[in-house]
Number of protein chains: 2
Amino acid sequence: MARGRPRGFDADAALDKAVRVFWQKGYEGASLSDLTEAMGINRPSLYAAFGDKETLFRKALDRYLAGAMTAPMEALEEIADTRMAVCAWLRLLAHSLTDPAHPPGCLVVHGALSCSAEAAPAAGALLECRQSGEARVRARLERGLAAGDLPAGTDVAALACFFATVMQGMAVQAKSGAGRDALLAVVDRAMAAWPA
Amino acid sequence: MARGRPRGFDADAALDKAVRVFWQKGYEGASLSDLTEAMGINRPSLYAAFGDKETLFRKALDRYLAGAMTAPMEALEEIADTRMAVCAWLRLLAHSLTDPAHPPGCLVVHGALSCSAEAAPAAGALLECRQSGEARVRARLERGLAAGDLPAGTDVAALACFFATVMQGMAVQAKSGAGRDALLAVVDRAMAAWPA
DNA sequence: CCCTTTATTTACTGATCGGTATGGAAATCG
DNA sequence: CGATTTCCATACCGATCAGTAAATAAAGGG
């Protein structure tokens with residue numbers, strides 16, 4: 001069993017704290033001092049447990065995806081009616097983006113959007129996440145098209161891009177202080193663009 | 001007339017260069033070394049001509065607004081039909097966001113979105129810009145409501161928030177590498193949400 | 001008990017950050 | 001011409017950046 005001195009902190013809880021720091025300040029804006037202070041550990045402990053800043057960010061990103069993003073994605077993929085699935089996806093996102101228990105906005109959208117060259121790996125990881133998210137929306141729409149939930153000939157790629165764009169815009173709005181009601185109204189209006 | 005040694009660079013051209021650096025890297029991601037290199041001047045010249053980094057950013061922001069944003073705003077406010085005005089606003093934005101002559105995306109949206117406390121003044125200036133932009137959309141919609149271009153009882157605040165959200169999402173998409181055609185398709189879909 | 005292993009602490013590294021002091025160069029003024 | 005004013009170039013400032021070396025502390029294995 002565990003040889004050597006046991007670690008004096010909860011690595012899971014510390015990673016959650018790191019998620020919050022990155023969520024609020026972004027990859028570049030989060031300094032190691034910010035992180036270690038929020039996590040309640042000192043620098044060598046962070047490096048021993050999580051690796052360098054980029055590695056920690058990737059672990060925090062995984063944790064974030066497993067936390068704030070699972071409920072919307074499950075709704076998207078498990079609700080039978082395609083329109084209802086997309087609507088629930090957006091509404092749950094609006095809820096998460098404005099959840100007072102978390103920092104406002106979305107780590108994937110604005111965690112590393114405009115940054116220096118040094119942050120390119122983090123920015124690339126987030127870009128992949130956004131593309132993957134849009135691809136999942138598109139796959140869901142294709143499923144709906146096959147099921148007759150969308151008019152034949154619907155450009156599902158363009159429609160997926162539209163809903164992904166709305167989601168990313170909502171993240172910016174939430175980061176800018178928009179309230180939950182405002183975002184839910186945006187969702188209602190976006191759903192009015194559903195193909196006739 | 002000009003007393004003392006004349007400056008050896010074109011301040012207007014140098015500010016344009018600074019705009020591009022902030023546009024691409026954001027406020028925090030743009031270091032003074034990045035700026036001086038792109039502007040072709042050294043640090044004391046930058047400080048003498050433009051002030052400190054925050055002051056330079058505000059001047060670059062003004063220049064940006066006077067450049068990339070005037071055509072869309074003029075279309076929004078000068079085209080008579082409200083629906084056409086909003087559509088042209090979005091289409092010109094899509095054009096600007098993907099103009100290969102500029103960095104992709106929008107300085108106002110992602111110039112300082114997730115950042116450290118030190119960048120709070122810049123982030124606040126951009127937030128004001130976004131709020132002001134949404135307010136102008138809202139004012140245009142109110143004008144259209146009075147002119148009968150929108151159904152009586154339309155929630156113009158929510159509608160303005162929706163179009164502002166689409167615009168901000170398009171900025172994220174452009175920054176992520178989306179092409180002009182994709183953004184124009186997003187505009188078409190967003191206009192389908194226009195109140196019946 | 002001692003030894004190995006792992007974690008924590010403190011203090012430090014070189015690099016870069018934004019910002020500036022200083023001295024010389026280029027112009028107009030008298 | 002000399003004096004003044006402004007700008008430019010080099011070199012520097014303290015602070016902070018991400019990352020680490022070295023020593024100590026706490027556990028289990030023998």
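Lettering of chains follows the sequences in order, A, B, ..., and the numbering in each one begins at 1. What you see is a predicted model; the values in this text were computed from it and never measured. Side chains are part of it too, since the values below use all heavy atoms of this structure and drop only hydrogens, waters and symmetry mates.
Taking atom CG of A:L35 as the reference point, atom C1' of D:dA18 lies 11 Å away to the nearest angstrom. In this structure, B:R7 atom CZ and D:dC7 atom P are separated by 6 Å, rounded to whole Å. Rounded to whole Å, the distance from CG on B:D34 to C1' on C:dG19 is 16 Å. The distance between atom CD of A:E118 and atom C1' of C:dT16, rounded to the nearest whole Å, is 10 Å. Separating the OH atom of B:Y27 from the P atom of C:dC17 is a distance of 14 Å, rounded to the nearest angstrom. Taking atom CG on B:L46 and atom P on C:dC17, their separation rounds to 14 Å, with Å as the unit. One can place CD1 of A:I41 at 10 Å from P of C:dT9, the figure rounded to the nearest angstrom. Whole-Å rounding puts the B:M39 CE to C:dG18 C1' distance at 15 Å.
Taking the six-membered ring for Trp and thresholds of 30 and 60 degrees, A:F9 and A:F50 have ring planes inclined between 30 and 60 degrees apart. Note: B:F163 and B:W194 have tilted aromatic rings, judged against thresholds of 30 and 60 degrees for the angle between ring planes.
The A:S33 side chain lies nearest to D:dC17 when the options are D:dC17, C:dT8, C:dC17. The nucleotide whose nearest atom lies closest to any side-chain atom of B:R5 is, among C:dT5, D:dA25, D:dC7, D:dC7. Of the candidates C:dT10, D:dA18, C:dG24, the closest approach to any side-chain atom of A:N42 belongs to C:dT10.
Residue contacts shown for A:A11 are absent, as no nucleic acid heavy atom lies under 4.0 Å away.
Side-chain contact check for B:P121 versus B:R58: some heavy-atom pair is nearer than 4.5 Å. Side-chain contact between B:L61 and B:V108: present, with at least one pair of heavy atoms (C-beta onward) separated by less than 4.5 Å.
A:S116 and A:E28 form a side-chain donor-acceptor contact under 3.5 Å, judged by distance and modelled atom types alone. Side-chain contact of B:S33 with B:R43: a donor-acceptor pair under 3.5 Å is present, judged by distance alone. No hydrogens or angles considered: nothing links the side chains of A:S45 and A:R7 as a donor-acceptor pair under 3.5 Å.
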Pairs under 3.5 Å (N/O, protein and nucleotides 19-22 of chain D):
| residue | atom | partner | partner atom | Å |
| --- | --- | --- | --- | --- |
| D:dG19 | OP2 | A:Y47 | OH | 2.7 |
| D:dG19 | OP2 | A:K53 | N | 3.1 |
| D:dG19 | O5' | A:Y47 | OH | 3.0 |

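Here B:S31 reaches the OP1 or OP2 of C:dC17: one of its side-chain N or O atoms lies under 4.0 Å away.
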